[in-house]
Number of protein chains: 2
Amino acid sequence: MEISMSDPYVSRTDRSAAIISRREPVVYGEGQYAQALSATQLADYQRDGFIVLEDLFDAQEADALLNEIRSMSSDPAVTRRDEAIREPGSDAVRSIFRVHELNARIAGLARDPRLLHVARQILGSEVYIHQSRANMKPGFKGKEFYWHSDFETWHVEDGMPAMRALSCSVLLTDNNECNGPLMLIPGSQSQFISCQGQTPDENFKESLRKQEYGVPDAISLQLLAENGGIRTVTGKAGSVVFFDCNTMHGSTGNISPWPRANVFMVYNSMENTLNPPKYGLAPRPDYIAARERIEMLEPLEAAALST
Amino acid sequence: MEISMSDPYVSRTDRSAAIISRREPVVYGEGQYAQALSATQLADYQRDGFIVLEDLFDAQEADALLNEIRSMSSDPAVTRRDEAIREPGSDAVRSIFRVHELNARIAGLARDPRLLHVARQILGSEVYIHQSRANMKPGFKGKEFYWHSDFETWHVEDGMPAMRALSCSVLLTDNNECNGPLMLIPGSQSQFISCQGQTPDENFKESLRKQEYGVPDAISLQLLAENGGIRTVTGKAGSVVFFDCNTMHGSTGNISPWPRANVFMVYNSMENTLNPPKYGLAPRPDYIAARERIEMLEPLEAAALST
């Protein structure tokens, strides 16, 4: 195995687990690139690695988006695509990738100023969509997502150079404490947890269903959680969570009758486009990690928003 | 298959799922048999099917109990017994049954007036322990318990005649929204959900690890949850949840670093001792369902409590 010694964020090598301090800022350019969040909100994001904006979209907007997702989930033209990921041991669609290209309304969402300017402000640059997906955690049998840092995967499997990306999760159903809401570890964005275990080729086919590589060790997780606690994000449909690409997060299963759906957009800085993956891994498909089609996002006009 | 037509709570037959109204009271004898809960608390229990008494035991008491459970969990003399149940696919002990007979301190807990008089008051009679167990839901990998009514199992597999039993769960670690706390459906005690699927013999060996029979159907659960909502029980170590034998409950997995431990006692009325199991099933072992050794519980003297 060839390891570039200049990589500050080595992971999944034959080394043991390690905690590595973050090098990059969390908020770039002191949040001056765009105007969206207040100084207090930026400070919260900087400290915690995430921020929740309640009711950023109204109930009608959230409903309209949910309807799009539901239609797509039962549309064979979508569900037979590679972009549609099923629950382990079931035919139910768990995630659909690249929704911002498969669906016009969600394309508009990606360019909605309420999301886009937050991303531009925090990342201090123009941005593009590294990945988008809709997640449906069905009632009764929604499976857990174990703890992970997205950046760990994106760095190793996609060759994302630096921590200059963020995710936003738009809640499309009410998230309560019973339906497996997102859990985040405040402050975890400041530490990179290097994981044990080498990655097999084409890992993504399984890892999207059940993660086996890039899994942080128990001691590191314990340390992060003892330091920062765990924050559970509950809120009404239309609320949005923005979180740093390195913030440790996960969610438990959902045995409640209430499905939990969200649309998830990853904004990456135009100055942080992908290198080749680490360790000679084959690149993952473009619908999981945009490499070929990089398009700088322009905000939607106000006129388009009102439709 | 022979079905007694006089059984009001038929379940696991070749019939389809059904919702059957409860016949028995929730609080017996109008709560006059003993003095423990206030009239308001009794009314809450009657309406919801459970009540949470916060800090019923102090931190030292909870700690002392937790230490007993921990010692037992690593004591080969205990863990090699049938009473010790392991996590699916793991050697970690998930539950230990009959803890009130295996451990002197927990024997005292079963007779503690703070628990015993609540049980006597609600059940309107003298009581005995139908089942006791310690549950350890470990950090990171604690598995979920899907929704179930205990009475459904006890009625079918143990021949418990009537809904005249209650459980109390003594929290031995803090239960927060992240570590897979108990979830209950308020009001569900008033409906018996008859389940589909016939029970194989010796089902208990698997069902304690993963429930496959006596699983309520999605439509009934949806109806119960839409009517009553779902209540998540969070609280400090030493808090106690009392809940009716027919209250629908479950819990999600625990990916937090914080283990969740409790001691669980089932008090049954001395007037509700077991009949033979239904459908010619073999009786479950006495450590799961007391049949041979029925001992009416006397409250501990105040002197014994202070040790």
Side-chain angles (χ1 to χ4, degrees), chain A residues 17 88-90 92 137-148 173-186 188 193 210-212 215-235 248-260, chain B residues 17 88-90 92 137-148 173-186 188 193 210-212 215-235 248-260:
Chain A
S90 154
K137 186 177 280 198
F140 301 118
K141 56 184 179 182
K143 295 292 186 296
E144 74 180 31
F145 281 89
Y146 195 69
W147 299 110
H148 62 285
T173 55
D174 294 351
N175 278 217
N176 59 44
E177 57 188 1
C178 298
N179 63 353
L182 182 64
M183 300 192 293
L184 302 141
I185 301 184
S188 57
I193 309 299
K210 189 171 186 318
Q211 184 83 23
E212 292 184 38
V215 176
D217 64 294
I219 292 169
S220 300
L221 283 174
Q222 177 107 29
L223 201 73
L224 292 176
E226 295 296 338
N227 280 331
I230 296 176
R231 197 85 58 81
T232 298
V233 177
T234 57
M248 194 64 73
H249 61 288
S251 62
T252 57
N254 178 16
I255 67 169
S256 89
W258 304 306
R260 181 180 152 252
Chain B
S90 153
K137 185 177 279 198
F140 301 117
K141 55 182 179 183
K143 295 291 186 298
E144 74 180 32
F145 282 87
Y146 195 69
W147 299 110
H148 62 286
T173 54
D174 293 351
N175 278 217
N176 58 47
E177 57 190 1
C178 298
N179 63 352
L182 181 65
M183 300 192 292
L184 302 141
I185 301 185
S188 58
I193 308 300
K210 189 171 185 318
Q211 184 82 23
E212 292 184 38
V215 176
D217 64 294
I219 293 170
S220 300
L221 283 173
Q222 178 107 30
L223 200 74
L224 292 177
E226 295 297 339
N227 279 332
I230 296 177
R231 197 85 59 80
T232 298
V233 178
T234 55
M248 194 63 75
H249 62 286
S251 62
T252 57
N254 178 17
I255 67 170
S256 89
W258 305 306
R260 181 180 152 253

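In the text below, chain A, chain B and the rest are named by the order of the sequence lines, each starting its count at 1. Computed from heavy atoms alone, side chains included, the values below leave out hydrogens, waters and symmetry copies.
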Next item on the list: Scan residues 173-186 of chain A for pairs that pass salt bridge (charged side-chain N to carboxylate O under 4.0 Å, His left out), counting only residues two or more places apart or in two chains.
Entry: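 Sorted result for residues 173-186 of chain A: empty, none.
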
Next item on the list: With sequence neighbours excluded, tell me which residues meet side-chain hydrogen bond (donor to acceptor under 3.5 Å, both in side chains) with B/S220.
Entry: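 Scan of B/S220 (side-chain hydrogen bond (donor to acceptor under 3.5 Å, both in side chains), adjacent residues dropped) gives B/D217.
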
Item checked: Partner set under side-chain hydrogen bond (donor to acceptor under 3.5 Å, both in side chains) for A/N175, not counting sequence neighbours ->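 If we apply the side-chain hydrogen bond (donor to acceptor under 3.5 Å, both in side chains) test to A/N175, skipping adjacent residues, the hits are A/R260.
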
Margin query: How long is the straight-line distance from CZ of B/F140 back to OH of A/Y146, given to the nearest 0.5 Å?
Written below: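 The CZ atom of B/F140 is 5.5 Å from OH of A/Y146, to the nearest 0.5 Å.
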
Checklist line | Distance, nearest 0.5 Å, that separates CD of B/E144 from NZ of A/K143 | finding: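 Those atoms lie 7.5 Å apart.
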
Next item on the list: Could you look at B/S251 and say if it's the side chain, the backbone, both or neither that has a heavy atom under 4.5 Å from chain A?
Entry: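 For B/S251, the backbone is the part near chain A, not the side chain.
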
Item checked: Options A/A218, A/G253, A/P181, ranked by heavy-atom pairs under 4.5 Å with chain B, top entry ->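 Going by pairs under 4.5 Å, I would pick A/A218.
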
Margin query: At under 4.5 Å between heavy atoms, what parts of residues 223-232 of chain B are in contact with chain A? List them by residue number.
Written below: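 Answer by number: B/A225, B/E226, B/G229, B/I230, B/T232.
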
